[in-house]
2 protein chains.
Amino acid sequence: MSGPGDGATTSRDRELMQRAIAAGADARWVASPNPWVGAILVTADGELISGATRAPGQAHAEVVAIQRAGDRAAGATMYVTLEPCAHHGRTPPCIDAIIAAGLARVVVGVLDPDPRTNGAGVEALRRAGIEVNVGVVADKVEAQLAPYLHQRRTGRPFVVLKLASSLDGYTAAPDGSSKWITGPASRSDGHRLRAESDAIIVGAGTVRSDDPNLTVRDWQPPTGSHPEEYNPTRVVLGEAPEGALVHPCLELSGDPDEVLAELANRGMIQVLIEGGAAVAGAFHRAGLVDRYMLYLAPALFGGDDARSLFSGPGIWSIGDLWRGELVSVDRLGNDVRIELAPPPDQAGDDLATNAAIAEGA
Amino acid sequence: MSGPGDGATTSRDRELMQRAIAAGADARWVASPNPWVGAILVTADGELISGATRAPGQAHAEVVAIQRAGDRAAGATMYVTLEPCAHHGRTPPCIDAIIAAGLARVVVGVLDPDPRTNGAGVEALRRAGIEVNVGVVADKVEAQLAPYLHQRRTGRPFVVLKLASSLDGYTAAPDGSSKWITGPASRSDGHRLRAESDAIIVGAGTVRSDDPNLTVRDWQPPTGSHPEEYNPTRVVLGEAPEGALVHPCLELSGDPDEVLAELANRGMIQVLIEGGAAVAGAFHRAGLVDRYMLYLAPALFGGDDARSLFSGPGIWSIGDLWRGELVSVDRLGNDVRIELAPPPDQAGDDLATNAAIAEGA
């Protein structure tokens with residue numbers, strides 16, 4: 001999408017946006033709960049200077065690149081995955097830094113649905129005489145920033161539901177024993193999911209039966225820091241017994257909608273649901289799961305008396321079958337990991353509003 | 001494995017055995033219930049002449065290649081996936097044709113566990129002064145001829161269990177409705193399984209509830225012939241009601257072992273179990289399934305009240321969890337197909353005996 005007077009985008013623009021996406025790839029591990037943005041500044045001489053958003057309170061991707069460029073920023077073009085912010089948060093607005101540095105052109109992946117920016121960043125840059133293009137390689141940026149964009153568009157965190165079972169869909173034997181069904185590669189990937197998430201939700205029943213500590217252990221961050229620096233806030237639905245390993249934790253009650261609203265209020269971008277079957281069923285049936293991560297072991301319980309992934313009543317008739325969309329299928333050690341997104345009509349992101357703002361910018 | 005006086009095998013031998021395997025690839029659709037063997041004859045001038053086993057009563061792969069070669073067979077080397085037969089069946093022994101044609105050397109993929117040959121073919125060739133090597137690219141030949149080899153080694157047909165479910169392991173809604181969970185690509189692959197099989201087994205309950213006709217329809221044979229030419233014998237465990245679409249069918253009773261023994265007596269190499277959950281559970285728990293084919297739709301029933309893949313009591317405690325081995329994982333349209341083999345200690349093939357014969361040959 002281009003505004004009045006802006007030129008068309010080129011394949012070179014798309015190539016440089018891909019580089020900006022790559023620059024932001026590991027920013028998730030430092031920037032969260034801010035968006036993990038990447039930027040590439042191309043100087044008038046054709047030099048490429050990258051930036052990625054730093055820890056909360058420190059510079060955003062655009063400012064990192066501009067500071068690195070110094071005088072060479074004048075007349076440059078910037079490729080940035082997310083619209084530069086127009087508001088004072090923990091740092092001054094990025095648009096001020098871009099205008100002050102004298103950039104000639106800014107190419108944006110997607111608009112920032114945060115109501116304090118949401119097109120206002122692009123508008124301010126254009127008013128300052130800077131050429132702006134929006135929507136370059138937008139699908140890949142949408143995928144990279146999905147949890148952040150979803151949270152800002154819906155007011156709810158991006159909900160990831162982790163499920164691990166045998167191929168016949170069971171999570172525990174009739175006697176309650178369940179350790180272990182899936183293998184070490186699946187469990188490590190589950191710890192990566194924890195590290196990505198701002199909160200991890202379990203029911204009080206799971207705390208009483210399994211006494212999990214829900215920390216990040218069997219996974220190594222690409223930043224080289226310690227896994228425990230990525231421990232999410234532990235959220236128990238109901239009351240965690242005194243002495244449970246999950247303490248200190250946040251105890252919440254209410255229906256899934258209320259729980260998610262409370263976590264969004266606390267600035268949480270992604271939450272991970274780890275169990276048990278009642279909590280999984282409640283969030284799934286409320287249509288509030290944004291990503292299903294299923295870890296399937298090549299194992300069979302072989303009957304109808306083991307414990308199911310979801311508890312409670314499911315659909316009554318086949319016409320009501322919930323059908324998701326396969327995102328990825330991978331072998332993980334001896335297991336199979338299947339990633340599923342909800343059908344488009346359930347995704348709930350207010351994309352229409354976002355598109356309208358982009359058009360009007 | 002080489003006998004006394006035989007030379008070592010070379011990479012050229014392995015390459016030519018791969019060609020023999022390729023020559024036998026489509027023979028399954030014409031040769032069954034005979035083994036679908038492929039052969040490559042290399043003349044003294046280095047010319048390659050291929051053969052594949054024809055319909056029952058017609059020439060085996062070795063004889064096809066020798067007849068094609070005519071005079072050029074003298075002094076040639078033959079690569080053949082399965083040991084040439086030493087017995088009079090519907091056709092004369094292949095070893096007689098090989099000796100009469102004056103071949104100099106025969107390279108064999110695997111020994112034929114049929115008790116009428118089982119090393120005797122190799123022995124007879126060596127006695128006639130022909131150099132013989134056994135066990136070249138044996139793993140791939142084992143995979144290609146798995147159903148035949150299994151049937152001859154164990155006296156039981158190779159049992160394929162077809163399962164189709166949602167990702168939470170359900171096959172039908174609480175009201176009994178189940179059409180359709182998986183998509184057209186999965187259903188067509190299921191028809192391929194029927195075409196490969198000599199018999200298809202269902203329980204009388206499935207006949208009463210679904211009234212299936214169990215014919216081959218939604219699949220096109222590579223031979224260009226009509227799908228219905230591949231209709232397997234329909235086997236009902238129990239009594240099929242008068243007027244059911246499954247007639248004419250074979251009605252059997254007894255435990256899974258007895259049913260399989262009866263089908264092996266009738267010369268059946270591969271049988272396919274299609275349902276329902278009680279039959280699947282009985283064969284699985286008896287350890288009599290040789291290949292699990294799971295078709296998983298990206299769908300969820302979302303509760304614990306739908307119908308499971310297996311009915312009856314499964315394992316009681318996690319220590320007894322049945323663990324298979326992943327053979328393949330594929331996307332089939334919107335579904336995921338997972339192919340599972342039993343653990344080696346359950347496979348039941350009498351490999352030790354076979355190996356002993358090979359060594360002694």
Side-chain angles (χ1 to χ4, degrees), chain A residues 163 165-170 172-181 277 280-281 284-285 289 292 294 296-331 333-336 338-341 343, chain B residues 163 165-170 172-181 277 280-281 284-285 289 292 294 296-331 333-336 338-341 343:
Chain A
L163 301 164
S165 76
S166 65
L167 283 173
D168 49 353
Y170 294 113
D175 74 349
S177 58
S178 66
K179 281 196 163 84
W180 297 99
I181 296 171
H284 165 68
R285 292 191 295 263
V289 177
Y292 298 78
L294 287 101
L296 301 177
L300 296 169
F301 283 73
D304 55 13
D305 52 353
R307 303 202 185 171
S308 299
L309 281 161
F310 301 103
S311 66
I315 61 157
W316 174 249
S317 192
I318 200 73
D320 299 322
L321 186 63
W322 181 95
R323 290 185 184 276
E325 300 199 337
L326 283 181
V327 176
S328 66
V329 179
D330 293 285
R331 286 176 79 143
N334 292 322
D335 301 330
V336 178
I338 297 180
E339 189 182 356
L340 209 60
Chain B
L163 301 165
S165 76
S166 66
L167 282 172
D168 49 352
Y170 294 114
D175 74 349
S177 57
S178 65
K179 285 199 162 90
W180 295 100
I181 296 171
H284 166 67
R285 293 191 295 265
V289 177
Y292 298 77
L294 286 99
L296 301 176
L300 297 170
F301 283 73
D304 55 14
D305 52 354
R307 303 202 185 168
S308 299
L309 281 162
F310 301 103
S311 65
I315 61 157
W316 174 250
S317 193
I318 200 72
D320 299 321
L321 186 63
W322 181 94
R323 291 185 183 276
E325 301 200 333
L326 282 180
V327 175
S328 67
V329 179
D330 292 286
R331 286 174 79 143
N334 292 320
D335 301 329
V336 179
I338 298 179
E339 189 182 355
L340 210 61

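The sequence lines fix the lettering, A, B, ..., with proteins before strands; numbering per chain opens at 1. All values below were derived from every heavy atom in this structure, side-chain atoms included, with hydrogens, water molecules and symmetry-related copies excluded.
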For the side chain of B/D305 and the backbone of A/G314, is there at least one donor-acceptor N/O pair under 3.5 Å apart? yes
List the atom of [X], the atom of [Y], and the distance in Å for their closest heavy-atom pair.
X      : Y      : answer
B/S317 : A/S177 : OG-OG, 3.2 Å
A/L326 : B/D335 : CD1-O, 4.1 Å
A/S308 : B/Y170 : OG-OH, 2.8 Å

With chain A, the option among B/L321, B/D330, B/V329 that has the most non-hydrogen atom pairs under 4.5 Å is B/L321
What residue, out of B/A299, B/G302, B/G169, has the most heavy-atom pairs lying under 4.5 Å from chain A? B/G302
Is it the side chain or the backbone of [X] that comes within 4.5 Å of chain A heavy atoms, both, or neither?
X      : answer
B/I315 : both
B/L167 : both
B/S178 : backbone
B/V289 : neither
B/R323 : both
B/D168 : both

When A/N334, A/L309, A/D320, A/V336 are compared by non-hydrogen pairs under 4.5 Å with chain B, the top option: A/V336
Residue from A/S165, A/A306, A/A172, A/A173 scoring the most non-hydrogen pairs under 4.5 Å with chain B is A/A173
With B/D175 via salt bridge (charged side-chain N to carboxylate O under 4.0 Å, His left out) - residues at least two apart: none
The interface call for A/L300 against chain B, heavy-atom contacts under 4.5 Å, is both
Can you say whether A/L163 sits under 4.5 Å from chain B via the side chain, the backbone, both, or neither, judging by heavy atoms? neither
With sequence neighbours left out, the residues meeting side chain to side chain contact (heavy atoms under 4.5 Å, CB included) with A/S311 are A/A277, A/A278, B/D304
